[in-house]
Visitor: 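Here's a structure for you.
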Amino acid sequence: METPKIFEPGKIEEKWYAHWMEKGYFHSVPDNREPYTIVIPPPNITGVLHMGHMLNSTIQDVLIRRARMLGKNACWVPGTDHASIATEAKIVQKLKAEGIQKSDLTRDEFLGHAFKWKDKHGGIILEQLKKLGASCDWERTHFTMDKEYSESVVNVFIDLFNKGKIYRGVRMVNWDPEALTAVSDEEVIYKEVNSRLFYVRYKIDGLDDEWITIATTRPETILGDTAICVNPLDKRFIHLHGKSVIVPIANRIVPILTDDYVDMEFGTGCLKITPAHDINDYEIGRKFNLASIDLFNENGTLNEYGLHYQGVDRFEVRKLIEKELHETGFLSKTEDHINKVGFSERTKAVIEPKLSMQWFVDMKDLAKPALENVMNNSIQFYPEKFKNTYRHWMENVKDWCISRQLWWGHRIPAWYYGEGVNDFVVALTAEKAASLAQEKTGVAYKVEALRQDEDVLDTWFSSWLWPISVFNGLTQPNNPEINYYYPTNDLVTGPDIMFFWVARMVMAGYEYKGDMPFKNVYYTGIVRDKLGRKMSKSLGNSPDPIALIEQYGADGVRVGVLISSPAGNDLPFDTSQCEQGRNFTNKLWNVYRLVSAWEVVDFEQPHSANLAIDWFESKLNKTLLEINDAFDKFRISDALMLTYKLIWDDFCSWYLEIIKPGYEQPIDKLSKEVTIAFFEKLLILVHPFAPFITEELWHLIGNDKKENDIIVASWPKAGKIDDALLLNFNQCEEVVSNIRNIRKQQNIANKVKLALFVKGQVNGQLNFHSVIIKLGNLSTLEYINESMKGAFSFVLEGKEFFIPFGEEMDTAAEKDKILAELEYIKGFLKSVQGKLSNEKFVSSAPSSVVESEKKKEQDALSTIDILTKKIADLG
RNA sequence: GGGAGUUUAGCUCAGCUGGUUCAGAGCAUCUGCCUUACAAGCAGAGGGUCGGGGGUUCGAACCCCUCAACUCCCA
C-alpha cells in the first residue's frame, strides 16, 4: 500500500494512547531512579478544557516526557478540585432548572445531588487531557474531596487551630450577595466603573439652617451612618467641631468627628461614616467606638434598618433614595465619577463589605519561610520577575478568611455546645468534640447536643495541601511515596493564581513538611485572542481545544501552542500556529516517506554523503546541547524552535538533499542506515512536543520488532562536535546559495547544469567540493588562477567564483549589481577606517576588537579591488 | 494612589558582561518553481533611526536621566 502524502493524525492518536496506557508507561512507583514529579494544577471538577489548560498541560507533558526519556522516574499526578463556589453555583443552577430550590433541601439532600452530578459529569476535563496526549499517572488521580484528602484538610484545620493560627471572629469581610457567602480578599476583583458622586446636605443639630454637605457614591448607606468626619486641619469646618448632625431620612443624630484620614481635596472634604459597609469607615468606627448599623440582608436587599426600603435591592434603593433626597431638598447635586468597585471573582456580583463572624488564618508566621525561600531562590520562579509580585504580597499578607457559607466543600470541624461566642471546640468527630467540650467546661455533653459549624472551608484551604496530600503525606506521614516524590520538581501554572495557590502551597509545604513543595515554578502566560482579549467562555472567543485537535491533530496543536509562548508572556493565540504545527508533523511524515522508499544496493558511499554525515553529526550534537540548555532554563519555545529548525532546515533542506539519490536510484547501505539512525534521534528530540507522530514513525522505521517504544527511548547524549567542520559547511552553504541566487536572477532553470570556476583556492579542493557540485547542480567545479571574463561572479572569503555566461546575458544589469555592492562596501570601509583613525578607539578598545576592525579593513579593501576589476572586465 | 514590567521587521518574540553571534529568528509578504519525500512543499528576495528626546563612553538596542504609550499586581 502506498504511503499517503499527507499525515493523518486522527488514525493513530487513539491507538498509541491506548498502547501507552496498556504498557503502564505513565504509572510510576518509587524505585531507585531519581524521581521527577509534577502535580497538575487541579482543574475544577466542573471544568471543560480551555486554551489555558491546553498550554499549561502541554508544557507539563513536554517536561514529563523529556524527564522520562532522561531516565528519571517521571510522575505526573492528575486530579480535580472541588471548587466550592463554582460547583455549588452550578449545582444550584441545575437544580433550579429542575424546579428544585436549594432552600427546600437539607444539607445532605443537596450534597447527594451534588455527588451524583459529580460522578456523572465530573472529570470530563481529564478525559479531554488524554486526547491531548497528557501522560499523567491516571492511577494516581485525586480529587480534593476524596475521603483521605478531606481528612487531611480537616486535620490541618484542627492543627492550625490548636497552634493558635486559626481563629474565629467578627470582621469586615467581602460578602458575595449572590453566592451568599464571604470570600477572601483574593477573590475580589476591582474594576473602574462609571458611577456618580452624590452631594447630600445634613442639617447641623441645634443650629438654625446650618448645613454640612457630604459627597458619597453610595447614598443608600446613609441610613447606616453613625458619624460625619472632617479633617481636623480643615479650616472650613473648625466651627463645627464637637457639633452633631441629623441624618436625612433616618433622622438620627450623629456626631461630627475629626480625623486626618479624611482627604480635604476629595468631594466636599466631609465624609459620612458607615462602619458596617465600608472597610475604611469600619476602621474609623473602631477608633471612635461608633455603633455600626448593618443595613443589608445577605442577598443585598435592605433589612429593617432600611426603613421603608426594607426588602428592596441595594441598587434599586440607590435610585429611590436619590429621588427621595432630591424631593426633600437634601440632595444638592450629583456628579459623574469614576471609582473602583469590587466584584466577586466567581459570580461577578458587586461585593458588599459586611461585618460577620468568620474563620480566619493568621498568616504572619506562615509567610516567613515562604517568603524567604523564594527570595533566596531555593524555590526558583520562571520568569524571575514574579518574585517581586510575590514578595509584595507576602510582606503585606493579610489574614485569610477561610469560611464560606456554602455546603459543597469541607465542613468546618467546629462543634458548638452553647450560645456564647467561645462555646465551641474543634475536633475531627462529634465524639471527640463531646469529650473536648467536657474537658473545657466540666460539663458532660451528648453528641446529639453538639451542633457542627454550618460553613465549609475555602477551596484553596484544600488546594494548598495538594503536593502533600496526593501522596497522603498528612494522613500517613513519612510513607515511602511522600518521602520519594516530595518535594516535587516543577509546577506549571498561571500567574493569576500565584496568591490563591502557589504562595499558600509554599506555606503549607514548610509548615507540614518542613520543606518546599516544588523546586521550580514556571508561570505560563495568559492565552489571548488576536485582539488581545483574554480567552474566556463569556466572550466566546476561545476555540474549542478538542475541535482544534480534530482539525490539526494533537501534535499539531501542541506544537502550535508552544511555538511562541515564552514563560510569563501572554500567548496571543491564532489557529495559524496550529497550522504551522500541523505542517511540521507533515514534514516529519514525509521524511519517513522519502527514507522508507530508498532501495538499498551495496555500493560505495558517495563522497558527498560521507561529508554530509560527518557534518550533520556535529550539527546534531551541537544543537542538542543548545536544546538541553534551553530546557534547563525553561525556555520551552526556544527548545522547540531549535528542534524545529534542526529538522526542517538542517536535516531536510541540507542533509537529506545531499544524501538523496537521484530519481529511481538506489542508495548505499551505510548512508541509509546512518540516515535512519539520525532520524531516530531526531524523533526522540521531537517526541516531548509531538508524542503521537513520533511514536508512529518510530515503529514504522523498524522499531516494531525491537519491542520498544519511543516514549521510553533514551534522550540522546551529545557526542563530538567538530567546530571547524561546521564552519566549513557554512561556507559551502553560502556558495550553494550564491549559485542558486544567480540562477534565480538570471532565470536559469534548476535543471540546467552550470559550470563553476574558483579562483584563489591555493591548496587542493574547496571544502565540501562534492556537496557543492550536487546541490548547485554543477556540470563541473574547477580551480583557476586568473579571473574569468564573461561570467557571473561572486566573492566569498577572498575567493572569487565564476559562472560563465550562457548565450544571452544582461551585462548592464550585472554591472549595476556590482556597482551597488561596491558602493556598500565603500561605505562600510569608511566607517571602519573612521574607527581605526580615531586615536582614542585604538588606545582604549581591547586589542582583539582593534584587530578585528583591521581585518575588516583588509577584507573590504580586497573585495573593492576584486569588484573594481570585475566592472572593468564587463566593459 | 503605590509597585512591577513591557516598548526591536507587518505579527509574535530572541538579543548574556556595552565591542564579529549585533541588528536576529519563526510566521506573514513578494518573486520564481507542480524539480518524483512533502504546494501543508522547494528556492530566492524585500522589510527595522531598536518608542521619542537628552546624557555617559573611543564605542549604546544594552548603562544613566527624562517624556510617552501599553500591560499586570496591590490598595
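Residue numbers begin at 1 in each chain, while the letters A, B, ... track the order of the sequences. These numbers come from the heavy atoms of this one structure, side chains and all, not from hydrogens, waters or symmetry mates.
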Visitor: Could you give the CZ-to-C1' distance, from A:Arg582 to B:rA39, as a whole number of Å?
Guide: 12 Å

Visitor: If I take atom CG in residue A:Asn730 and atom P in nucleotide B:rU20, what distance separates them, rounded to the nearest angstrom?
Guide: 18 Å

Visitor: How would you label the contact of A:Arg635 with the nucleic acid (heavy atoms, under 4.0 Å): base, sugar-phosphate, or nothing?
Guide: sugar-phosphate

Visitor: Determine the interatomic distance between C1' on B:rC42 and the same-named atom on B:rC34; round to the nearest Å.
Guide: 11 Å

Visitor: So A:Thr585, base contact, sugar-phosphate only, or nothing? Heavy-atom distance under 4.0 Å.
Guide: nothing

Visitor: Considering only the P atoms, how many Å lie between B:rA68 and B:rG26, rounded to the nearest integer?
Guide: 38 Å

Visitor: Would you measure the distance from the C1' atom in B:rU17 across to the matching atom in B:rG53 and give it in whole Å?
Guide: 28 Å

Visitor: Atom CZ of A:Phe794 and atom P of B:rG44: how far apart are they, to the nearest Å?
Guide: 13 Å

Visitor: Has A:Lys387 got more than 12 heavy atoms of other residues, nucleotides or ligands less than 6.0 Å from its NZ?
Guide: yes

Visitor: If you measure from the C1' atom in B:rC67 to the same atom in B:rU12, how many Å do you get, rounded?
Guide: 28 Å

Visitor: Hey, is the side chain of A:Arg740 poking within less than 4.0 Å of OP1 or OP2 on B:rG44, counting only N and O atoms?
Guide: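 Indeed, a polar side-chain atom of A:Arg740 lies that close.
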
Visitor: Both distances below 3.5 Å, Watson-Crick or wobble geometry, any strand: find the nucleotide opposite B:rC70.
Guide: B:rG5

Visitor: Parallel, tilted or perpendicular for A:Trp654 and A:Phe729, by the 30°/60° rule?
Guide: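 Perpendicular.
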
Visitor: Within this structure, what is the CD1-to-P distance between A:Ile636 and B:rU12, rounded to whole angstrom?
Guide: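 In whole Å, B:rU12 P lies 22 Å from A:Ile636 CD1.
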
Visitor: For the residue pair A:Phe616 and A:Phe678, categorise the inter-ring angle as parallel (less than 30°), tilted (30 to 60°) or perpendicular (more than 60°).
Guide: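 The rings of A:Phe616 and A:Phe678 stand perpendicular, inter-plane angle above 60°.
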
Visitor: As a test of understanding, state which of A:Gln746, A:Arg743, A:Gln745 forms a side-chain contact (heavy atoms from CB on, under 4.5 Å) with A:Phe792.
Guide: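 Running side-chain contact (heavy atoms from CB on, under 4.5 Å) over A:Gln746, A:Arg743, A:Gln745 with A:Phe792 returns exactly one hit, A:Gln746.
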
Visitor: What string of B, S and - do you get for nucleotides 69-75 of chain B 5' to 3' if you count protein non-hydrogen atoms under 4.0 Å?
Guide: ----SBB

Visitor: Mapping A:Asp649 and A:Val736 onto RNA chain B by nearest heavy atom, which one lands closer to the 5' end?
Guide: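 So the residue in question is A:Asp649.
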
Visitor: Between B:rG54 and B:rA60, how far apart are the two P atoms, rounded to whole Å?
Guide: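 My reading of the P atoms in B:rG54 and B:rA60 gives 13 Å.
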
Visitor: What I'd like to find out is whether the side chain of A:Trp460 reaches to under 4.5 Å of the side chain of A:Trp400, using heavy atoms alone.
Guide: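 Touching, per the 4.5 Å side-chain cut-off.
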
Visitor: Does the side chain of A:Val735 come within less than 4.5 Å of A:Leu756's, by heavy atoms?
Guide: yes

Visitor: Using side-chain heavy atoms (C-beta onward) and a distance below 4.5 Å, is A:Tyr523 in contact with A:Val502?
Guide: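 Yes, close enough: below the 4.5 Å cut-off.
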
Visitor: Assign B:rU21 to syn or anti; the rule is syn for a glycosidic angle within 90° of 0 and anti otherwise.
Guide: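 The base of B:rU21 is oriented syn (glycosidic angle within 90° of 0).
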
Visitor: Measuring only the P atom in each nucleotide, how far is B:rA75 from B:rC27? A whole number of Å is fine.
Guide: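 Between the two P atoms, the distance is 44 Å.
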
Visitor: Using a 4.5 Å cut-off on heavy atoms from C-beta on, say whether the side chain of A:Glu384 contacts that of A:Asn377.
Guide: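 A side-chain contact exists here, since the closest heavy-atom pair is under 4.5 Å.
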
Visitor: Would you check if A:Phe679 and A:Tyr592 make a side-chain contact, meaning some heavy-atom pair closer than 4.5 Å?
Guide: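 Sidechains of A:Tyr592 and A:Phe679: in contact.
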
Visitor: Using Watson-Crick or G-U wobble geometry with both distances below 3.5 Å, tell me the partner of B:rC16, or none.
Guide: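 Pairing partner: none.
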
Visitor: To the nearest angstrom, how far is A:Phe381 atom CZ from B:rG5 atom P?
Guide: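 Roughly 16 Å, once rounded to whole Å.
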
Visitor: Can you tell me how far C1' in B:rA9 sits from the matching atom in B:rU49, rounded to whole Å?
Guide: 14 Å

Visitor: Using atom P in both nucleotides, what's the gap between B:rC30 and B:rU71 to the nearest angstrom?
Guide: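 Approximately 32 Å lies between the P atom of B:rC30 and that of B:rU71.
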
Visitor: In whole angstrom, what separates A:Gln746's CD from B:rG44's P?
Guide: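 Whole-Å distance recorded here is 16 Å.
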
Visitor: Among A:Asn56, A:Leu55, A:Val62, whose side-chain contact (heavy atoms from CB on, under 4.5 Å) with A:Ile59 holds?
Guide: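 Of all the options given, the one that passes is A:Leu55.
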
Visitor: Keeping the roles fixed (side chain from A:Glu734, backbone from A:Leu796), state whether a donor-acceptor pair exists under 3.5 Å.
Guide: no

Visitor: Quick check for you: to the nearest 0.5 Å, what is the distance between A:Ile636 atom CD1 and A:Phe631 atom CZ?
Guide: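 Reported to 0.5 Å precision, the distance equals 5.5 Å.
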
Visitor: Syn if the chi torsion is within 90° of 0, anti otherwise; quick check, which is B:rU20?
Guide: syn

Visitor: Using the purine O4'-C1'-N9-C4 or pyrimidine O4'-C1'-N1-C2 torsion, is B:rG51 syn (within 90° of 0) or anti?
Guide: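 Anti, angle beyond 90° from zero.
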
Visitor: What string of B, S and - do you get for nucleotides 27-37 of chain B, 5' to 3', if B is base contact, S is sugar-phosphate-only contact and - is no contact with any protein heavy atom under 4.0 Å?
Guide: S---BB--BBB

Visitor: Specify the separation, in whole Å, of atom CZ of A:Arg391 and atom P of B:rG2.
Guide: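 Answer to the nearest Å: 18 Å.
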
Visitor: Just name whichever nucleotide pairs with B:rC33, Watson-Crick or G-U, keeping both distances under 3.5 Å, else none.
Guide: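 Matched B:rC33 with B:rG41 under the 3.5 Å cut-off.
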
Visitor: Could you tell me which nucleotide pairs with B:rC11 by Watson-Crick or G-U wobble geometry, both distances under 3.5 Å, or answer none if nothing does?
Guide: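 B:rC11 is paired with B:rG26.
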
Visitor: Starting at the 5' end of RNA chain B, which residue's closest nucleotide do you reach first, A:Asp638 or A:Lys645?
Guide: A:Asp638

Visitor: In this structure, how many angstroms lie between the C1' atom of B:rU6 and the OH atom of A:Tyr523, rounded?
Guide: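 For the pair A:Tyr523 OH and B:rU6 C1', the rounded distance is 19 Å.
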
